[in-house]
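This report concerns only the one structure given below.
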Amino acid sequence: MTPIDLRSDTVTRPTPAMRDAMLRADVGDDVYGEDATVNALQRRVADELGFEAALFTPSGTQANLIALMAHCERGDEYIVGMDAHTYKFEGGGAAVLGSIQPQPIPHAADGTLPLDAVERAIKPIDPHFARSRILALENTWHGRVMPMDYLAAARALCDRRGLGLHLDGARLYNAAVASNVRAREIAKHFDSVSVCLSKGLGAPVGSVLAGTRDLIERAKRWRKVCGGGMRQAGILAAGAMYALDHHVARLADDHRRASTLASELAALGLPAHAHTNMVFVDIPVDRQAALKSYLGERGIVISTGYLPTIRLVMHLDVGDDGVARTIDAFRAFA
Ligand SMILES: *Cc1c(COP(=O)(O)O)cnc(C)c1O
């Protein structure tokens with residue numbers, strides 16, 4: 001029985017064709033800028049997203065951290081969602097390592113940061129205050145796609161108030177595929193964008209940060225300082241390149257499967273909602289352990305926690321049969 005791992009879209013294994021591309025990668029020392037495959041990946045992502053330059057990083061956490069460090073100086077501040085990955089799930093790196101103060105803002109139900117609240121959080125220029133330097137958004141956020149007119153309004157606010165605008169676009173391609181637009185239509189509102197290649201796109205390792213040439217130069221320095229200067233990283237970049245060539249359009253399958261799973265669970269009487277490749281199901285915390293072990297016995301792996309909602313994530317290694325098995329197991333449990 002093939003296990004079905006619904007914890008995250010980070011759990012994918014490289015496909016045989018991807019491994020083959022990795023095996024054949026042309027490599028060099030990327031700290032010297034001599035890895036042809038890394039250079040090609042960086043060029044490609046920069047061009048595809050409409051930026052001057054891009055930088056390959058070992059993780060999305062590091063891409064966001066060095067972006068913040070490249071935008072901000074010590075004593076600056078970034079405005080960010082209270083439940084944003086950059087703020088909540090990256091160990092406080094911007095503050096810990098960058099001396100950058102976060103200014104968290106509560107999210108609206110759709111995941112956006114209300115722009116009047118963002119504007120009220122911008123500090124006056126006065127020695128009492130940290131210098132508000134950038135706004136950091138996330139798209140998708142918990143699977144939700146940020147509305148295009150919201151992104152345009154956020155850009156206008158940042159222009160008016162002299163802030164930079166960074167996107168944690170770990171799942172930028174999910175947002176683009178779900179909206180049926182090219183990723184650059186979303187990226188164009190931002191000064192810098194990070195993209196994870198190791199989530200739904202299915203590469204084993206790596207993210208890319210894109211921005212202006214100046215910003216990427218500064219980020220490259222911080223990447224080295226943070227220990228992210230990798231040597232023959234083309235082995236990894238080849239997997240990432242393969243993912244961009246072959247695994248973007250298929251994100252639509254993940255979204256379709258999430259939507260099927262949510263409606264079938266809802267038909268069983270479970271409150272379930274799909275957003276791009278994620279399904280959220282309300283399950284009382286005290287029933288979650290029983291559900292987890294019941295599904296586990298049937299080869300279905302989920303994460304549970306302290307919230308009354310569980311998240312089921314579709315990805316490259318979950319097919320239609322996996323969705324059907326999941327629905328059957330939930331039906332039997334219910
Ligand atoms: C996974 C994720 C990251 C960080 O990526 P890692 O490669 O796990 O460090 C950043 N932002 C969001 C929204 C993510 O989901």
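Basis for what follows: all heavy atoms, side chains included, without hydrogens, waters or symmetry-related copies. For ligands, and for the atoms within them, numbers begin at 1 and follow the listed sequence.
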So which residues get pulled into Phe333's cluster when ILVMFWY side chains under 4.5 Å apart are joined, directly or through others? Ile4, Leu6, Leu261, Leu265, Leu268, Leu270, Val279, Val281, Ile283, Leu291, Tyr294, Leu295, Ile300, Ile302, Ile310, Leu312, Met314, Val318, Val323, Ile327, Phe330

The salt bridge (charged side-chain N to carboxylate O under 4.0 Å, His left out) partner of Asp30 among Arg231, Lys220, Arg223 is Arg223

cation_pi(Arg144, Phe280) dist<6.0 Å, angle<=45: yes

Relative to the ring of His273, is the ring of His275 parallel (under 30°), tilted (30 to 60°) or perpendicular (over 60°)? parallel

Option among Arg74, Glu77, Arg133 that satisfies the side chain to side chain donor-acceptor pair (under 3.5 Å) test with Gln101: Glu77

Please tabulate, one line per pair, the protein nitrogen or oxygen atoms found under 3.5 angstrom from a nitrogen or oxygen of ligand 1, with distances to 0.1 Å, or say none if there are no such pairs.
residue  : atom   : partner : partner atom : Å
ligand 1 : 7 (O)  : Gly60   : N            : 2.8
ligand 1 : 9 (O)  : Gly60   : N            : 3.4
ligand 1 : 9 (O)  : Thr61   : N            : 2.9
ligand 1 : 9 (O)  : Thr61   : OG1          : 2.6
ligand 1 : 11 (N) : His85   : ND1          : 3.4
ligand 1 : 11 (N) : Asp168  : OD1          : 3.1
ligand 1 : 11 (N) : Asp168  : OD2          : 2.6
ligand 1 : 15 (O) : Arg171  : NH1          : 3.0
ligand 1 : 15 (O) : Lys199  : NZ           : 2.7

Is the ring pair His247/Tyr242 parallel, tilted or perpendicular, if the boundaries are 30 and 60 degrees? perpendicular

